Novice: 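Dropping the structure in here first, questions after.
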Amino acid sequence: MPVNYGSRRIVVGAHYGLRDWLSQRVTAALMALFTVLVLVQLIFSRGPIGYDQWAGIFSRQWMKVLGFSIIVALAWHVWVGVRDIFMDYVGSVGLRLVLQVFAIVWLLGCAGWGIQVLWRL
């Protein structure tokens, strides 16, 4: 006698969810490497760690570009995670849309502010 375990899930397209999973892992690895790079610069610095030390680390052009890419990676990482949470746990389509739009506006604002702070150093 066949056992019915529920309705069959229809997967559309190959590698369903692989892109989101991979983007989460890649952005997390980039942020971890950036953190290690900043910590190494702080550990091998001389003198007290204050504003001048932090401004010196982020004043170089390559560090600004790297910081910009990390801010973008962080925003993407957060967006994928928050979007998945909304899709899994918010049942109402209208509420989910409002929350997603709010999250996008908030993340763009935070990323813009972070880039503004970074490029003013």
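What you are looking at is a predicted structure, and each value in this text was computed from that prediction instead of being measured. We number each residue from 1, following the sequence as shown.
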Novice: For the hydrophobic clusters of this structure (ILVMFWY residues joined by side-chain heavy atoms under 4.5 Å, transitively), does one cluster hold both L99 and W106?
Specialist: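 Per the 4.5 Å side-chain linkage, L99 and W106 are not co-clustered.
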Novice: Less than 4.5 Å apart, side chain to side chain, heavy atoms only: is that true for Q53 and Q41?
Specialist: no
Novice: State whether the number of non-hydrogen atoms from other residues, nucleotides or ligands found under 6.0 Å of F68 atom CZ is greater than 12.
Specialist: no
Novice: Just so I know, are the side chains of V93 and L97 near enough to count as touching, which here means a heavy-atom distance under 4.5 Å?
Specialist: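 No, too far: nothing below the 4.5 Å cut-off.
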Novice: Nearest 0.5 angstrom please: H77 NE2 to L107 CG, how far?
Specialist: 11.5 Å
Novice: Test of understanding: clusters of I, L, V, M, F, W, Y form through side-chain heavy atoms closer than 4.5 Å, transitively. Do F34 and W62 belong to the same one?
Specialist: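 In one cluster with F34: W62, yes.
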Novice: Ignoring hydrogens, what is the shortest heavy-atom contact between M63 and I57? Give both atom names and the distance.
Specialist: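 Heavy atoms only, the tightest pair is CG-O, 3.3 Å.
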Novice: Enter the distance from S59:OG to L118:CG here, rounded to the nearest 0.5 Å.
Specialist: 10.5 Å
Novice: Report yes or no: do V38 and L33 belong to one cluster of Ile/Leu/Val/Met/Phe/Trp/Tyr joined by side chain heavy-atom distances under 4.5 Å?
Specialist: no
Novice: Just how far is it from atom CZ of R96 to atom CG of D88, taken to the nearest 0.5 Å?
Specialist: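 The CG atom of D88 is 9.0 Å from CZ of R96, to the nearest 0.5 Å.
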Novice: Hey, any chance W54 and L37 share a hydrophobic cluster, counting ILVMFWY side chains that come within less than 4.5 Å of each other, even indirectly?
Specialist: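 Shared cluster, yes.
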Novice: When you look at CH2 of W76, are more than 12 heavy atoms from neighbouring residues, nucleotides or ligands closer to it than 6.0 Å?
Specialist: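 Open.
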Novice: If Ile, Leu, Val, Met, Phe, Trp and Tyr residues are connected whenever their side-chain heavy atoms lie under 4.5 Å apart, and connections chain through other members, are W119 and I70 in the same group?
Specialist: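 Same hydrophobic cluster.
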Novice: Taking atom CH2 of W21 and atom CG of D84, what is their separation to the nearest 0.5 Å?
Specialist: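 One gets 13.5 Å once the value is rounded to the nearest 0.5 Å.
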Novice: What closest approach, in Å, do S23 and V80 show between heavy atoms, and which atom pair accounts for it?
Specialist: OG-CG2, 3.9 Å
Novice: What's the spacing between W113 CH2 and I71 CD1 if we round to 0.5 Å?
Specialist: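 That separation rounds to 9.5 Å.
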Novice: Kindly compute the distance separating CG (L95) from CZ (F102), expressed to the nearest 0.5 Å.
Specialist: 12.5 Å
Novice: For residues Q100 and F86, report the shortest heavy-atom separation together with the two atoms involved.
Specialist: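 Smallest interatomic distance, heavy atoms only, reads CG-CD1, 3.8 Å.
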